[in-house]
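Worth saying up front: this structure is predicted, and the values here are computed from it rather than measured. Below, each value reflects all heavy atoms present in this structure, side chains not excepted, and no hydrogens, waters or symmetry copies.
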Amino acid sequence: MIKRLGILFLALGVALPAFAQMAQPASSATEWKEGKNYFVIEPALPASMPGKIEVTEVFSYGCPACNAFLPTGEKIKKALPANAVMTYTPAAFNAAESWPMFQRAYLTAKALGIAEKTHDAVFQSVWGNGALAISPGSSGKLVKREISDAAKFYSSYGVTAADFEATANSFAINTQVKKADAFVRAAGIDQTPTIIVAGKYRITASSAGSNDKLVELVQYLVGKESTGG
């Protein structure tokens, strides 16, 4: 009996270290550094969805980098835990192009409840030579779109062009435009796409090291916020 127990303990003594070794991650986690990989926003921006950790993409439909970022944004969204949510804030700081109009169009679509189902489609239209295409015209300059162009586009998604345009020019949307502009300024954003986590951290693919690293960095910061930072 004693001999059998000795053999059992010996077997466990070999097996347990082997199991522990198998359980280790293939590579150590990235050591993220404040001021290099992510930047603290002070004071932190107020949450718009209490009880949720907001991961906000600041973007523009007129931004080619934002169009290329779509697959990464989807990865970030799918990797979020139940206590986090993806939100979007449109930027308008490139006033020489159609960015202010696209900002107003997104906020209008959001107010009308069609922003989520039209988000990818707008990018496809802008950059795929669709109805909202801004590719250079005969003058060699980017075409500057109007809110009436957006209204016609969105009329295929359950709203009339007249209602869309009226909403776009309403006091409520004017207020949302000011709010979005204030968010962009307060967060210190000077490029798109930029990701804001919990209103506290500003990050980009460049600061993370790559798009894939950005997905990891978002997860790290959401986890940091989940545990009280």
Contacts under 3.5 angstrom, residues 67-88 side chains, donor-acceptor by atom type, not counting sequence neighbours:
from, atom 1, to, atom 2, distance (Å)
Thr72, OG1, Asn211, ND2, 3.4
Asn83, ND2, Ser226, OG, 3.0
Thr87, OG1, Thr56, OG1, 2.7

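- Using a 4.5 Å cut-off on side-chain heavy atoms (C-beta onward), Asp181 and Gln103 make contact.
- Side-chain contact between Tyr201 and Val40 is present, with at least one heavy-atom pair separated by less than 4.5 Å.
- Between Tyr38 and Tyr220, the ring-plane angle classifies as tilted under the 30° and 60° cut-offs.
- To the nearest 0.5 Å, atoms OG (Ser207) and CG (Leu217) are separated by 6.0 Å.
- Remark: Lys224 NZ to Glu34 CD distance equals 7.5 Å, nearest 0.5 Å.
- When hydrophobic clusters are built by joining Ile, Leu, Val, Met, Phe, Trp and Tyr residues whose side-chain heavy atoms come closer than 4.5 Å, directly or via intermediates, Phe59 is not grouped with Trp99.
- Taking both residues in full, the closest heavy atoms of Ala91 and Ser60 are given as O-CB, 4.0 Å, listed atom of the first, atom of the second, then distance.
- Put simply, the side chain of Leu221 does not reach to within 4.5 Å of the side chain of Trp32, judged on heavy atoms.
- Residues Phe93 and Ile41 share a single hydrophobic cluster, defined by chaining ILVMFWY side chains whose heavy atoms lie under 4.5 Å apart.
- Judged by distance alone, with hydrogens and angles left aside, the side-chain atoms of Ser210 form a donor-acceptor pair with the main-chain N or O of Lys213 at under 3.5 Å.
- Inter-residue side-chain proximity for Val58 and Phe183 is flagged as met; some heavy-atom pair is nearer than 4.5 Å.
- Nearest heavy atoms, Ala115 versus Tyr106: CB-CE1, 3.8 Å.
- Proximity of Leu107 to Pro90: side-chain heavy atoms (C-beta onward) are separated by under 4.5 Å at one or more points.
- Checked against side-chain hydrogen bond (donor to acceptor under 3.5 Å, both in side chains), Gln176 has no partners two or more places apart in sequence or in another chain.
- Applying the side-chain hydrogen bond (donor to acceptor under 3.5 Å, both in side chains) test to residues at least two apart or on different chains, the pairs with a partner in residues 117-130 are Tyr61-His119.
- We find the CD-NZ distance between Glu54 and Lys200 to be 12.0 Å, quoted to the nearest 0.5 Å.
- In the hydrophobic clustering of this structure, Ile114 groups with Phe153; members are Ile, Leu, Val, Met, Phe, Trp, Tyr whose side-chain heavy atoms approach within less than 4.5 Å, directly or through other members.
- Residues Ile189 and Thr89 form no side-chain contact, since every pair of their non-hydrogen atoms from C-beta on lies 4.5 Å or further apart.
- Closest of all the heavy-atom pairs between Met101 and Ile147 is CG-N, 3.5 Å.
- Side-chain atoms of Val122 and Tyr154, non-hydrogen and from C-beta on, do get closer than 4.5 Å to each other.
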- prompt: So Ile203 and Asn37, side-chain contact (heavy atoms from CB on, under 4.5 Å) or not? Walk me through it.
  reply: CA-CA 7 Å; Ile203 58 176; Asn37 303 119; over 6 Å; no

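- Counting heavy-atom neighbours within 6.0 Å of Lys52 NZ, excluding the residue itself, gives a total above 12.
- Two residues are said to be in side-chain contact when any heavy atoms from C-beta on lie closer than 4.5 Å; Phe164 and Ser155 fail this criterion.
- At least one donor-acceptor pair under 3.5 Å links the side chain of Arg104 to the backbone N or O of Ala168.
- Side chain of Arg202 to backbone of Ala187: a donor-acceptor contact under 3.5 angstrom is found.
- Using a distance-only test at 3.5 Å, with no hydrogens or angles considered, no donor-acceptor pair links the side chain of Glu57 to the main chain of Pro193.
- For the pair Ala92 and Pro100, the tightest heavy-atom approach, listed with the atom from each and the gap, is CB-CA, 3.7 Å.
- Hydrophobic clustering of Ile, Leu, Val, Met, Phe, Trp and Tyr side chains at less than 4.5 Å, counting indirect connections, unites Leu112 with Tyr157.
- What you find for Ala95 and Lys144 is that their closest heavy atoms are O-NZ, 3.3 Å.
- Taking both residues in full, the closest heavy atoms of Thr167 and Ile173 are given as O-CG1, 2.9 Å, listed atom of the first, atom of the second, then distance.
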